[in-house]
2 protein chains.
Amino acid sequence: MAKEIKNDTSTEEKILAAAKQVFMEKGIDGARMQDIADKAGINKALLHYYFRSKDKLFEMIFMEAARQFLPKVTSIMSSELPLYEKVEKFVNEYIDTLLQNPTLPIFILNEINRNPKDAIKKIFGNQRPPIDKVEEHIAKLVKKGEIKPVKGYELMINMVSLCIFPFLARPMVQWITKTNDEEFLQLMELRKKSVVRFVIDSIKK
Amino acid sequence: MAKEIKNDTSTEEKILAAAKQVFMEKGIDGARMQDIADKAGINKALLHYYFRSKDKLFEMIFMEAARQFLPKVTSIMSSELPLYEKVEKFVNEYIDTLLQNPTLPIFILNEINRNPKDAIKKIFGNQRPPIDKVEEHIAKLVKKGEIKPVKGYELMINMVSLCIFPFLARPMVQWITKTNDEEFLQLMELRKKSVVRFVIDSIKK
DNA sequence: TTTGTGTTTAACCAAATGGTTAAACTTTGT
DNA sequence: ACAAAGTTTAACCATTTGGTTAAACACAAA
């Protein structure tokens, strides 16, 4: 009866991986439990044996996704690095995360729009990201005359926009730039530098 | 038997308006024909009398939305205006469109991801937007040393990102900026200038 | 008045879908 | 060898949902 080391590595993870794929691709409404079972290589009965309902399963997947969405970025922003380095690290980290999870943004945003309150709570906990810290930091540099006056939250929104949007509109971007899947990822890799430059050029005096 | 002036203004438009609302809010999979009928103040039978199927109805709505998504922006970009004015007009037009259709972006992006080929065809027809024109324009100014070297498509993507993303992530933005619905729209109104400045500051020498 | 179109009502259908159940088989740890 | 948990099979259920049908009604034009 002792609860030995549960060897979860197999079925449960297969289910989660399959569910992630299907939910990300089709959204919660478009996803079919049968598809998830198939993709996991098991049957519906077992699927419900592990996760009682579709909602429960979706919840799990979303929680996992929510954690990734707000990456280590928070610590970067509240760090003591010089602003430009903050920007650079932020953008690099963010785009890296997205390169490893290209479909994360649309998945998250859909849930945010479907169920704003809960989704936001799951992403941010209950504390706002530390933009106050950024705000102060920027205010100082503005006073010193080193950068143009910008609002902290605006800078944040702009950076996030520039990082995430291309992944959201990926098919459009690929069509416009005539790139295939591989080339798109390379493009985003290059984009790191380009965005950093774009942002810094925009605020520096 | 003569086809007099069909007074479409009533039922058909009511349906389209209702369908637009429901589809935008719930997506095609989450939308219920019954809900659309209810919201239009009619019954399911009549709904199917006007639009044979859910898919057909969705198609209509998407076509209408697709046209708005690529606004008069195209003509602006291929115009002979000075670059900075182009940027200004582009951003203003775009954000204005979005202020009048705040849920358009997520709706469009979902369809693009669900059905990239068709969706893109419906949005752009078969011609790419005139970024070549922008490309030339920029190349000239770069050569003259008036602006920093930027790629045309990158400038475009950046501008579009900065305009659209806040609407995509609206609940998040509102939560971070502690704004209610009205204040959010004001914020976006202000954002026009802010984005224009951000972009221009970034490319000017 | 007639006729056709718009509209409602209400019952109905078939398919899809989330979820359940029970019985049998397999695996694994004790 | 035994028991418990994992897994399959397959039938089954209730509900939802897109869509249909037919009969009756309203109304405007011919």
To the nearest Å, give me how far apart [atom1] ([X]) and [atom2] ([N]) are.
X	N	atom1	atom2	result
A/Ile42	D/dT9	CD1	C1'	14 Å
A/His48	C/dG19	NE2	P	4 Å
A/Lys54	C/dT20	NZ	C1'	17 Å
B/Leu46	D/dG19	CG	C1'	14 Å
A/Met33	C/dG19	CE	P	5 Å
A/Gln34	D/dT8	CD	P	12 Å
B/Arg32	C/dA16	CZ	C1'	11 Å
A/Glu12	D/dA5	CD	C1'	14 Å

Can you see if the side chain of [X] gets near the phosphate of [N] - specifically, an N or O under 4.0 Å from OP1 or OP2?
X	N	answer
B/Thr11	C/dT7	yes
A/Asn43	D/dT9	no
B/Arg52	D/dG19	no
B/Tyr49	C/dG6	yes
B/Tyr50	C/dG6	no

- Query: Ignoring hydrogens and angles, does a donor from either the side chain of B/Lys44 or the base of D/dG19 sit under 3.5 Å from an acceptor on the other?
  - Reply: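 Flag set: donor-acceptor pair detected.
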- Message: Counting only heavy atoms from other residues, nucleotides and ligands, does the tally under 6.0 Å from NZ of A/Lys133 exceed 12?
- Response: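 Yes, because the 6.0 Å sphere around NZ of A/Lys133 holds more than 12 heavy atoms from other groups.
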- Dump the intermediate steps for ring-ring contact (aromatic ring centres under 6.0 Å, His included) on B/Phe23 and B/Phe107, then the final yes or no. CA-CA 8 Å; B/Phe23 279 135; B/Phe107 176 71; 7.2 Å; no
- Task: Evaluate the criterion ring-ring contact (aromatic ring centres under 6.0 Å, His included) for residue pair B/Phe58 and B/Phe51; output intermediate values, then yes/no.
- Result: CA-CA 10 Å; B/Phe58 181 81; B/Phe51 301 89; over 10 Å; no
- Item | A/Arg114 charged N/C atom sitting above A/Phe62 aromatic ring, 6.0 Å / 45° |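 No, A/Arg114 does not lie over the aromatic ring of A/Phe62.
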- Message: Both A/Ala45 and A/Ile28 contact DNA chain C. Which one's nearest nucleotide lies toward the 5' end?
- Response: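 Of the two residues, A/Ile28 wins.
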- For B/Ile120 and A/Trp175, work out which heavy atoms get closest and say how close.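 Nearest heavy atoms, B/Ile120 then A/Trp175: CG2-CD2, 3.7 Å.
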- Query: Under 4.0 angstrom, heavy atoms only, what part of the nucleic acid is A/Ala37 near: base, sugar-phosphate, or nothing?
  - Reply: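 Here A/Ala37 touches no strand at all.
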